[in-house]
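Each ligand, and each atom within it, is numbered from 1 in the order the structure gives.
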Amino acid sequence: MEKFKTELYKVDYKLIQENNIDELKKISTVKKAAGLIKQGQLVAFPTETVYGLGADATNEAAVKKIYQAKGRPQDNPLIVHIASFEQLKGVVQGELSSLVKIMADKFWPGPLTVIFSKTGMIPYRTTAGLDSVAVRMPSHPLSRALIEVAGVPIAAPSANKSGAPSPTLASHVMNDLAGKIPLILDGGPARVGVESTVVDLRGDKIKILRPGGVSREDIIELLNSDKLSNRLSDLKNIKMSIKKGGKSKPAIDTDRPISPGMKYRHYSPETPLFIIENEQDLKDIIASGLDLDKGIVLSDETYEKYKPQLDDMYVIKMGSRKRPETVAAKLFELLRNLDTLSLKSVYIEAIPERGIGEAVMNRLYKASSRE
Ligand code: TXA
Ligand code: MG
């Protein structure tokens with residue numbers, strides 16, 4: 001594998017906050033990044049979910065480098081990032097269904113990835129041999145500027161080494177991929193903090209293959225809006241499909257995961273992590289008195305409630321149970337930081353699987369050690 005002196009370039013944060021795509025496109029390092037992509041090299045860049053490791057999705061040799069740099073299993077397909085519906089046409093086959101149009105209308109640009117039939121423009125290396133392709137239109141202005149200047153769809157998995165928590169800061173990417181890629185664009189912390197929701201909308205139903213930044217409740221709310229009944233012939237059926245069988249735990253435990261990537265152990269800190277599933281278990285753990293070589297990660301509410309009993313314990317706070325978005329935003333940073341604490345093991349409180357809490361718990365189950 002080629003070696004690089006990895007350059008980290010901090011992009012003017014003001015332009016990002018102002019969503020100023022036009023000015024971002026003029027920055028010389030953004031042009032350089034787009035040039036590297038066009039030449040078949042890799043560039044790490046921020047999206048609103050997590051940082052991605054990008055390559056020209058239409059260039060087989062470039063895509064191969066993603067797998068090498070990450071140490072990613074060959075059978076785990078990549079998400080193709082686009083900046084416009086014009087670009088979507090080149091990547092996917094056939095007309096878009098009403099359901100796809102409605103979902104894209106509402107959630108694009110944003111943290112939703114949709115599975116389509118691929119065209120010949122997308123090599124099998126990108127889709128790990130599948131005839132389908134996962135596509136997402138990110139909302140982060142820097143992702144959009146990069147894709148627009150490059151002029152090609154960008155294949156990008158999360159920019160971590162395979163198995164590690166996804167990066168939500170440029171420094172996480174540097175820790176994992178220094179020397180393996182030429183350039184990291186630093187756009188500050190990723191806002192959402194967990195990856196996109198992957199949905200399969202073929203067959204006029206909604207299957208969530210991976211819970212993520214767009215929650216099940218967000219989708220149900222869309223389906224409940226008045227205007228849809230005349231645009232979707234089978235609205236009732238679609239609503240049923242999104243409501244039932246939705247628990248993330250069984251979905252990730254299945255022997256035949258629908259999203260190939262879901263079968264791998266993921267997001268794992270080196271420190272063994274155990275989930276505290278309910279309040280009784282929490283009480284038992286607290287009563288047993290944890291030694292200081294073990295950590296316990298608690299919500300603000302639980303911390304306040306049990307404060308007097310936590311005196312001699314190593315407590316880490318994760319934010320409020322009532323605001324799962326804030327837990328999600330800091331989740332991977334928290335998991336990465338655990339490994340700097342030299343703890344023998346860590347217990348972490350489960351949060352309700354509502355809203356983005358479903359994605360948070362999905363990642364925690366994947367990160368945890370189970371007997
Ligand atoms: O938010 C995100 O989605 C981030 C940012 C960078 O966009 N990307 C990301 O990519 O999380 P990655 O490679 O870490 O996860 C992609 C997921 C995997 O679970 C993969 O198996 C699934 O999407 N996937 C990709 N193509 C698929 C396909 N054709 N059919 C089913 N699942 C697919
Ligand atoms: Mg990943």
### Query
Without hydrogens or angle criteria, can the side chains of D218 and S215 be said to hold a donor-acceptor pair below 3.5 Å?
yes
### Message
Salt bridge check, R336 against E333: does any charged N sit closer than 4.0 Å to a carboxylate O?
### Response
no
### Exercise: do D284 and Q280 side chains pair donor with acceptor under 3.5 Å
yes
### Query
Counting each atom of ligand 1 from 1 as listed, which ones have a heavy atom of L78 under 4.0 Å away?
25 (C), 26 (N)
### Task
Output the list of atoms in ligand 1 that are nearer than 4.0 Å to some heavy atom of S158, sorted by atom number.
8 (N), 9 (C), 10 (O), 12 (P), 14 (O)
### Task
Taking atom CZ of R321 as the centre, report whether more than 12 heavy atoms of other residues, nucleotides or ligands fall under 6.0 Å from it.
yes
### Task
Report yes if some N/O of E195 lies less than 3.5 Å from some N/O of ligand 1; otherwise report no.
no
### Message
Evaluate T113 for polar contact with ligand 1, using N/O atom pairs at a separation under 3.5 Å.
### Response
no
### Lys/Arg-Asp/Glu bridge criterion (N-O < 4.0 Å) met for E48, R136
yes
### Query
So, S158 and the Mg ion (ligand 2): N/O/S under 2.8 Å, yes or no?
yes
#### Entry: Salt bridge K305-E301, side-chain N to carboxylate O under 4.0 Å
no
### Message
Show me which atoms of ligand 1 lie under 4.0 Å from any heavy atom of S132.
### Response
28 (C), 29 (N), 30 (N)
### Summary
Note: heavy atom closest to atom 5 (C) of ligand 1, options V194, V135, T49, belongs to T49
### Task
For N76 and ligand 1, answer yes if some heavy atom of the residue is under 4.0 Å from a ligand atom, otherwise no.
yes
### Atoms in ligand 1 flagged as close to H81, the criterion being non-hydrogen separation under 4.0 Å
5 (C), 6 (C), 7 (O)
### Heavy-atom gap K118 to ligand 1 smaller than 4.0 Å
no
### Message
For I181, is there any backbone N or O sitting under 3.5 Å from a side-chain donor or acceptor partner on T6?
### Response
yes
### Task
Answer yes or no on whether K283 is positioned over the face of Y306, meaning its NZ or CZ is under 6.0 Å from the six-membered ring centre and within 45° of the axis.
no
### Query
Out of G213, S166, P157, who gets a non-hydrogen atom closest to atom 10 (O) of ligand 1?
P157
### 4.0 Å heavy-atom contact, A156 with ligand 1
yes
